[in-house]
Amino acid sequence: MSRRLPLLLVLLSLTVLLAGCSMEDPINPSNGFWDKYFVYPLSFTLDWFADLPYSNYGISILIVTIIIRFLILPLTLKQIRSSKQMQEIQPEIKKLKEKYKTDPKKQQEETMRLFQKHGINPLAGCLPLIVQMPILIALYNAIMRNDLISNSTFLWLQLGERDPYILPILAAITTYLQSKMMSAQMSNQMAGMQGIMMIFPVLIFVMALTFPSALPLYWVYGNIFTIIQSYFIYGNKKSKAPKEGGLSK
């Protein structure tokens, strides 16, 4: 988790630079790489789902969110496996820290050797974030440069304008619940990092206050999807544990 804060800032900066186009430019594949492969396909997909019977852009964003989350599900599962492996080797890492506490370079070398021995990629936990950052910026471009989206409404929201109250609070709460569920499964690995975890809901709240409603709506949908996903991945294991203990008796 501590690696994600600087990575988030770096990716955000790089992707904003990549976006390049003015928010006043119409979306056109001929504008360049960014529009052709990110903004235009996303804008077209949102338009297509919004044009379906009984649909609108709020529902379209929900459908696109689910599609994106299923597409990155293999990376998410890899992240979960990596986190579980990291948790399992924490005692060995602790021993290395004690053994080489006066030699940080040697400690780092031995830690990397331990990762290689167990086939662990310490950056695997960042893969879903790396994939989603361009999507978030492309979605922001699609909303601001597609008048059909920015001028549409969903529930109480004007999707192209900020919601100063309810949506930022929902985004922060769902981010907190998502982080809480993940930390409950990695208690050893997350020890001493609760303060860092609390930064994310606050960060999301502040960002949701400044962005058009469609973007925090995507975050809320994505957070709810992750919470449900975590329940099915971890919740079933918890519910089975007492039964297995009962059988062993």
Side-chain angles (χ1 to χ4, degrees), residues 4-53 55-76 78-79 123 126-155 157-163 167-168 171 175 200 203-204 206-226:
R4 294 187 185 182
L5 280 174
L7 179 62
L8 178 64
L9 295 175
V10 170
L11 286 173
L12 184 59
S13 302
L14 289 176
T15 315
V16 169
L17 290 173
L18 180 62
C21 294
S22 167
M23 289 301 161
E24 297 179 357
D25 293 340
I27 300 172
N28 192 322
S30 62
N31 284 344
F33 177 88
W34 179 249
D35 267 20
K36 183 175 182 179
Y37 293 106
F38 287 91
V39 182
Y40 178 78
L42 187 53
S43 178
F44 176 84
T45 304
L46 289 168
D47 288 342
W48 192 87
F49 282 118
D51 287 338
L52 294 177
S55 187
N56 55 50
Y57 280 102
I59 295 174
S60 177
I61 292 172
L62 172 61
I63 296 171
V64 169
T65 302
I66 293 173
I67 291 173
I68 291 170
R69 291 308 177 106
F70 272 115
L71 287 175
I72 67 171
L73 185 58
L75 296 179
T76 304
K78 187 173 182 178
Q79 174 193 22
L123 296 179
C126 300
L127 288 175
L129 178 63
I130 292 171
V131 172
Q132 285 191 80
M133 282 307 301
I135 295 172
L136 281 171
I137 305 301
L139 182 62
Y140 178 78
N141 274 253
I143 293 163
M144 298 303 293
R145 295 165 59 196
N146 185 332
D147 291 338
L148 293 175
I149 300 176
S150 60
N151 293 325
S152 66
T153 59
F154 177 64
L155 300 177
L157 301 169
Q158 179 76 34
L159 294 180
E161 297 179 4
R162 294 177 297 135
D163 175 27
L167 198 57
T175 300
F200 284 95
L203 179 63
I204 291 297
V206 173
M207 293 174 71
L209 286 172
T210 60
F211 285 137
S213 298
L215 197 58
L217 182 64
Y218 168 81
W219 293 338
V220 171
Y221 285 152
N223 288 339
I224 293 173
F225 182 95
T226 302

If I compare all heavy atoms of [X] with all of [Y], which pair ends up nearest, and what's the gap?
{"X": "Gln158", "Y": "Ser150", "result": "NE2-O, 3.3 Å"}
{"X": "Arg162", "Y": "Phe211", "result": "CG-O, 3.4 Å"}
{"X": "Ala208", "Y": "Ala171", "result": "CB-CB, 4.4 Å"}

So, [X] side chain and [Y] main chain: donor-acceptor pair closer than 3.5 Å or not?
{"X": "Asn146", "Y": "Ala142", "value": "no"}
{"X": "Glu161", "Y": "Pro212", "value": "no"}
{"X": "Arg69", "Y": "Gly222", "value": "yes"}

side-chain contact (heavy atoms from CB on, under 4.5 Å) partner of Ile61, chosen from Tyr221, Phe154, Phe49: Tyr221
Do the non-hydrogen side-chain atoms of Asp47 and Tyr57 ever get within less than 4.5 Å of each other? yes
Roughly how far apart are [X] [atom1] and [Y] [atom2], rounded to 0.5 Å?
{"X": "Ser43", "Y": "Ile149", "atom1": "OG", "atom2": "CD1", "result": "5.0 Å"}
{"X": "Leu217", "Y": "Leu62", "atom1": "CG", "atom2": "CG", "result": "8.0 Å"}
{"X": "Thr175", "Y": "Met207", "atom1": "OG1", "atom2": "CE", "result": "10.5 Å"}
{"X": "Leu159", "Y": "Ser60", "atom1": "CG", "atom2": "OG", "result": "10.0 Å"}
{"X": "Asn223", "Y": "Tyr218", "atom1": "CG", "atom2": "OH", "result": "10.0 Å"}
{"X": "Leu167", "Y": "Leu209", "atom1": "CG", "atom2": "CG", "result": "9.5 Å"}

Parallel, tilted or perpendicular for Trp34 and Phe38, by the 30°/60° rule? parallel
Please name all residues satisfying side chain to side chain contact (heavy atoms under 4.5 Å, CB included) with Leu42, sequence neighbours left out, ordered by chain then number. Leu46, Val64, Ala138, Leu139
